[in-house]
There are 2 protein chains.
Amino acid sequence: MTGAAKKDSSTIQRNTVADQVYADLRGRILSGEIQQGERIVEAALAKSLGISRAPVREAVNRLTEAGLLESRTHFSTTVLQMTPEKVRQLYAVRVAVETLAIREVVRRHRPEDIELLKGLIKEMMARAKAKDVPGLVEAELAFHEALWKMAANPYVDRVAGLLFDHMRLALTVDNAGYSDLMDVAREHEPLLAAIVSGDPDKAAQALSTHIMTSLETFVPSA
Amino acid sequence: MTGAAKKDSSTIQRNTVADQVYADLRGRILSGEIQQGERIVEAALAKSLGISRAPVREAVNRLTEAGLLESRTHFSTTVLQMTPEKVRQLYAVRVAVETLAIREVVRRHRPEDIELLKGLIKEMMARAKAKDVPGLVEAELAFHEALWKMAANPYVDRVAGLLFDHMRLALTVDNAGYSDLMDVAREHEPLLAAIVSGDPDKAAQALSTHIMTSLETFVPSA
DNA sequence: CGACTGTCGCCTGTCGACAGTCGTCATAAA
DNA sequence: TTTATGACGACTGTCGACAGGCGACAGTCG
């Protein structure tokens with residue numbers, strides 16, 4: 001997680017306190033520092049940050065709207081609890097959106113896009129070779145995130161962004177389930193090849209298979 | 001009384017003031033009472049509702065997170081402006097998610113589900129016969145909403161809910177573009193038939209075609 | 001001993017006020 | 001007349017305080 005955190009903290013230079021709290025809280029939830037089911041108490045959080053409840057409350061509300069927090073009126077808000085069933089449902093939607101994205105990428109990709117994806121695969125290989133599982137997971141997410149961002153569709157962006165936050169949350173629990181790390185990295189090469197080949201159906205099929213394989217790794221019962 | 005609730009104000013019996021404001025504001029935006037690009041001023045809204053800014057601010061923040069409002073820090077928040085391009089991108093994602101939903105419905109539908117959908121088609125026919133275009137649009141949205149709710153997937157729910165709010169927003173502008181109203185209603189019968197037939201691919205294909213036809217009606221340039 | 005009921009404390013929901021920032025408009029310089 | 005500049009006004013962002021709801025616990029009744 002440190003990889004993304006480093007990248008984000010330098011990039012994110014929000015103005016308002018509420019935005020900073022939002023980014024901080026989101027990061028702590030997705031990194032697992034705040035565990036699933038754990039309770040969020042506005043006043044305590046505000047005190048620990050040395051600010052008033054207002055910006056904390058705003059951040060919490062936004063996180064709730066994004067589905068990372070669940071709120072019970074007049075009582076408590078807690079971090080979303082992922083379950084194998086939810087992960088399966090999440091992946092089903094993920095496949096639908098990402099295949100749409102890759103079809104668009106096949107159509108509109110530029111040379112530098114291919115280079116970027118190539119670089120991310122290399123990154124994954126390096127992480128795999130170093131047996132750095134969290135790093136590998138992060139790199140894989142970065143690869144897929146780059147993919148759907150290339151689709152340049154604001155709705156894909158919004159939806160995929162939401163889904164990936166939930167994916168990260170799901171991955172905080174058991175991020176060590178890979179049998180052969182190198183295989184995970186190599187699995188992405190056919191995707192790249194399919195994009196370059198210019199065949200949308202082939203690319204979509206390859207991606208769909210890849211994601212489902214990934215699901216199988218984490219939630220075997222499917 | 002009999003049909004699905006259209007008037008939110010009578011149905012919604014939320015607890016907190018913020019929730020009520022959220023529902024009210026959302027309703028006014030989606031109905032077109034507050035126009036696209038129009039500015040939202042917290043203090044003015046609070047005063048007109050006879051409450052403080054806090055719940056108004058919370059509602060506005062949630063709507064911003066949902067993408068119906070756009071916020072410029074320290075200055076203003078305005079209602080999202082839809083464009084033909086955005087509508088096309090929206091529909092692309094909509095097709096992806098709804099085809100996923102209908103595949104699930106093919107697999108798990110119960111007899112009462114079919115009855116419900118049948119009823120909604122009848123509703124559409126009645127609206128079409130009465131040349132009630134807004135009513136027809138509402139009934140059609142209700143049909144599709146019922147469809148993806150039957151998929152019983154929380155992520156489909158969340159994503160489709162978001163997309164449909166944006167669809168409603170897009171439809172506030174030109175909700176009168178149908179050539180033959182009856183055709184619109186009848187178009188849904190093949191969908192129902194495909195669901196009953198139990199062929200997921202056929203159902204998905206039929207739905208995809210239907211949605212794209214609908215898009216063509218509103219945004220001809222595609 | 002177990003189920004019900006009333007009280008208590010913690011936390012959320014709401015309020016009014018203050019401070020900071022951005023656009024606007026008038027004014028001045030070219 | 002056109003463009004730069006600076007004060008003004010309006011609105012958002014943040015603060016501390018109060019009120020009210022919900023769960024927890026203890027005491028009571030069966």
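Please read all numbers here as calculations on a predicted model, not as lab measurements. Throughout, protein chains are lettered first and strands after them, A, B, ... in sequence-line order, and every chain is numbered starting at 1.
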Testing dT12(C), dT14(D), dC11(D) for proximity to the side chain of Val41(B), the answer is dC11(D)

Apply side-chain contact (heavy atoms from CB on, under 4.5 Å) to the pair Val105(A) and Asp113(A), showing each step before the final yes or no.
-> CA-CA 9 Å; Val105(A) 172; Asp113(A) 293 332; 5.9 Å; no

In whole angstroms, the gap separating P of dG13(D) from CD1 of Ile40(B) amounts to 14 Å

Using a strict 4.0 Å threshold on nitrogen-to-oxygen distance, state whether Glu138(B) and Arg168(B) make a salt bridge. yes

Residue pair Ala54(A)/Thr73(A) against DNA chain D: nearer the 5' end by closest nucleotide is Ala54(A)

Check this for me, if you would: do Glu38(B) and Arg28(B) make a salt bridge, where the nitrogen-to-carboxylate-oxygen distance has to be below 4.0 angstrom?
no

query: So, is Arg57(B) near the phosphate of dG13(D), with a side-chain N or O under 4.0 Å from OP1 or OP2?
result: yes

Rounded to whole Å, the CZ-C1' distance (Arg39(B) to dC11(D)) equals 7 Å

_Could you tell me if Arg88(B) sits above the aromatic ring of Tyr91(B), with its cationic atom closer than 6.0 Å to the ring centre and no more than 45 degrees from the axis?_
no

Between Arg127(B) and Glu140(B), does any NZ, NE, NH1 or NH2 come within less than 4.0 Å of an OD or OE carboxylate oxygen? no

- If you look at every strand shown and take non-hydrogen atoms under 4.0 Å, does Glu58(B) touch a base, only sugar-phosphate, or nothing? nothing

Which part of the nucleic acid, if any, lies within reach of Leu45(B) when heavy atoms closer than 4.0 Å are counted: base, sugar-phosphate only, or nothing?
-> nothing

Separation of dT14(C) atom P from Asn61(A) atom CG, nearest Å, is 10 Å

Side-chain N or O of Arg72(B) closer than 4.0 Å to phosphate OP1/OP2 of dG23(C): yes

| task | Determine the contact category for Ala18(B): base if any of its heavy atoms lies under 4.0 Å from a base atom, sugar-phosphate if only primed atoms, P, OP1 or OP2 are that close, otherwise nothing. | result | sugar-phosphate

Between CG of Asn15(A) and C1' of dT14(D) the distance, given in whole Å, is 14 Å

When rounded to whole Å, the CG to P distance for the pair Leu69(A) and dT12(C) reads 12 Å

Between CZ of Phe75(B) and P of dC11(D) the distance, given in whole Å, is 9 Å

Between CD of Glu42(B) and C1' of dC15(C) the distance, given in whole Å, is 14 Å

Taken to the nearest whole Å, NE2/His74(A) to P/dT12(C) is 11 Å

Any strand, both distances under 3.5 Å, Watson-Crick or G-U wobble: dT28(D) pairs with dA3(C)

